[in-house]
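To start, the structure under review is shown below, and the notes come after it.
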Protein chains: 2
Amino acid sequence: MEFRHLRYFLALAEELNFNRAAARLHISQPPLTRQIQQLEQELGVELFLRTSKGVELTAAGTMFREEAGRLVALAERATERTRLAGEGKLGRLDVGIFGSAVLNVIPRMILNFRRLYPEVTVVLHNMNKIEQIEALREGRITIGFNRVLPPAPDIVVETVLKEKLIVAINRNHELSHAREIAISDLSGQPMIIFPSAPRPSFADQVYTMCHGAGFAPQVVQEVGDAVTAAALVSSGFGICVMPESAISLQLPQVIFRRLAWPHPTIDLDCLYHRNDQSPILNAFLEIVRGFRAPEAGAEAG
Amino acid sequence: MEFRHLRYFLALAEELNFNRAAARLHISQPPLTRQIQQLEQELGVELFLRTSKGVELTAAGTMFREEAGRLVALAERATERTRLAGEGKLGRLDVGIFGSAVLNVIPRMILNFRRLYPEVTVVLHNMNKIEQIEALREGRITIGFNRVLPPAPDIVVETVLKEKLIVAINRNHELSHAREIAISDLSGQPMIIFPSAPRPSFADQVYTMCHGAGFAPQVVQEVGDAVTAAALVSSGFGICVMPESAISLQLPQVIFRRLAWPHPTIDLDCLYHRNDQSPILNAFLEIVRGFRAPEAGAEAG
DNA sequence: AATGCTGATACCTGAAAGGTATCGACTTAT
DNA sequence: ATAAGTCGATACCTTTCAGGTATCAGCATT
């Protein structure tokens, strides 16, 4: 059975006359007769009752008309949905995110994407950078977001934006009166560092920054994520260097101060598989790239 | 697009290798390549990503795989349902019935039918004999049940069974002591007659019977149906001749007595369109004919 | 550099869809 | 009653196109 049989059948079921149906199909009457006979033979059922004045549908024919109509409609739907999927306008986007650092930028990007591509289902998966790379390779996610990523030959890493660093301080802390804090001011201060794993991470970047300023940070606690770190700041454990987006965290007693010149930054990167040419990924990447600060000069290729 | 394209596509989507897929389809590789190219061209979308070591599905291809699978499954369902409809095992049977007289036999026939053909939806339509004939001609019902039917060239009438006549009597009535009632006993009794329309009807048969016994019935009331007639009997209006199946009517004060020899009967007929060869109708007719009393000799052909 | 995969292409063959002419059955109009 | 005009079915020819064989180009492994 081919779609041709369905098209011919439906035309005949509407016209109830071989000649008129054939004319409508732009073929002559004999081939139509033959195709209908074939169809009936394959189904093992008479679909039409031939009378002296045209044809009429049998009970089986009536049933087949319903089914054939459904099939043709579904076929049209199939081509339409496939075309849309080819344009990235229909489908599913699995995004790997990491817990705390994505408090601001990623939700905004996803909201923008969903406004432009409302038929794409966006699914978020919370996982760390190691898990994200693994999931990208296995196709469980299409794109991931993270910081301080190790290079891999099959994974493309693009810097989404460079966030300035800020310092979370307890309101009663001696540094709370300054509008900005110099890196050297952190020397000797009890510091909270995150994340503890996996390495390399934001924590390493803070270490490097301090050593670059000529001192070793006095780490009182390593924690897993920014929310926990902020909670410790709130209870007076110490101070904590964070990416700017952590400013969304609202905890009692916690205030944020910028780090002064040279305004150190941390990259937020996105990562995806080098061979992935999925149109949905490309559509999403365009949105992501639109978020990249226009003044940013240096970019990871 | 033809089903061939779907079959080939699905084979390739599973094997992800043109040669293996072609082998599975019992064709050689070049025609498979060509058919897939045709499909992609018609959809305007690349379905497979050709690599040096086989192929993989694109996003559009993944979408099309889902849709193609649905289509193939629906096609199988379509052939199966059409075959079943051809055997009368699937579909719909619209039955015209008339209100009161069908208290017993028709429900039993329909229950039997539904046990044998559980996938056929039986729909009952309450209509009088004129409406039934009209509905048969327009295809709104497939079979009707009624009594005392006028002949029509395009409608076949078959006697389903001959019901004996009974008399509904108030418990306090003088005739209630007899086990059987002779037709002549009805002479001079106040009688309720039904139905008042449409003619010819059961009412006419009662008239004829009385006149044949040598008297004119003393009609105190004409009513529309047996239930109303029985209600009048219950309140002492008079007596009423009814078909035997009315015995199912349970009303206070109403008792039933047989009419004595020569045991007059009334036919319950079914009617259907002469040209209707629907397998469901034939299946139902077989059940109906099985209900016909085996001793009944004379039948309407 | 050679071999062995991959899918794509060129060209031929054969099956089958489509076209023309005509048939037999039936209805309708004269 | 019979001739003309329907209807769908059939016989036979033409054309299209799916399928087959041989071969190619690209890439990976050896």
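We name chains A, B, ... by the order of the sequence lines, and we start the count at 1 in each one.
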### Query
Are the side chains of B/Glu2 and B/His5 in touch, meaning some heavy atoms are under 4.5 Å apart?
yes
### Task
Answer whether the closest heavy-atom distance between the side chains of A/Asp276 and A/Val156 falls below 4.5 Å.
no
### Query
For A/Lys53 and B/Pro30, take the nucleotide of DNA chain C holding the closest heavy atom to each; which residue's nucleotide lies nearer the 5' end?
B/Pro30
### Query
More than 12 foreign heavy atoms under 6.0 Å from CZ of B/Arg70: is that the case here?
yes
### Message
Does atom CD (B/Gln41) have a neighbourhood of more than 12 heavy atoms from anything else shown, all under 6.0 Å?
### Response
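At most 12 heavy atoms, drawn from other residues, nucleotides or ligands, come within 6.0 Å of this atom.
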### A/Arg50 with A/Glu40: basic N within carboxylate O range, under 4.0 Å
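A salt bridge links A/Arg50 with A/Glu40.
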### Message
Under the criterion side-chain hydrogen bond (donor to acceptor under 3.5 Å, both in side chains), I'd like the reasoning laid out for B/Thr33 against B/Gln29: C-alpha separation, chi angles, the key distance, then a yes or no.
### Response
CA-CA 6 Å; B/Thr33 294; B/Gln29 169 257 319; 2.9 Å; yes
Would you give the length of the straight line joining atom [atom1] of [X] to atom [atom2] of [Y], rounded to the nearest 0.5 angstrom?
X	Y	atom1	atom2	answer
A/Glu76	A/Arg81	CD	CZ	14.5 Å
B/Gln205	B/Phe202	CD	CZ	7.0 Å
A/Leu268	A/Lys162	CG	NZ	11.0 Å

### Message
From C-beta outward on B/Arg4, which listed nucleotide comes closest to its side chain: C/dT9, C/dG18, D/dG19?
### Response
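Looking only at side-chain atoms, B/Arg4 lies closest to D/dG19.
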### Task
Output the single nucleotide from D/dT10, D/dC27, C/dG19 whose closest atom is nearest the side chain of B/Ser52.
D/dC27
### Task
May I ask you to decide if the ring planes of B/Phe145 and B/Phe284 are parallel, tilted or perpendicular, using 30° and 60° as cut-offs?
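Ring orientation, 0 to 90° scale: perpendicular.
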### Query
Got a sec? Which of residues 19-29 of chain B come in under 4.0 Å of DNA chain C, heavy atoms?
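Close to the strand are B/Asn19, B/Gln29.
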### Task
With a 4.0 Å heavy-atom cut-off, tell me which residues in residues 34-48 of chain A come close to DNA chain C, sorted by residue number.
A/Arg34, A/Gln35, A/Gln38
Round to the nearest Å and state the distance from [X] atom [atom1] to [N] atom [atom2].
X	N	atom1	atom2	answer
A/Phe18	D/dT10	CZ	C1'	13 Å
A/Leu32	D/dA9	CG	P	9 Å
A/Arg7	C/dA17	CZ	P	12 Å
B/Leu12	C/dA8	CG	C1'	14 Å

#### Entry: Flag for A/Asp94-A/Thr142: side-chain donor and acceptor within less than 3.5 Å
no
### Phosphate contact (D/dG8 OP1 or OP2) by A/Thr33 side-chain N/O below 4.0 Å
no
### Query
So, is B/Arg50 near the phosphate of C/dA8, with a side-chain N or O under 4.0 Å from OP1 or OP2?
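Yes.
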### Query
the helix from C/dA1-D/dT30 to C/dT30-D/dA1: angle between its terminal axes, five pairs each, to 10°?
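So the angle between the two local helix axes works out to 10°.
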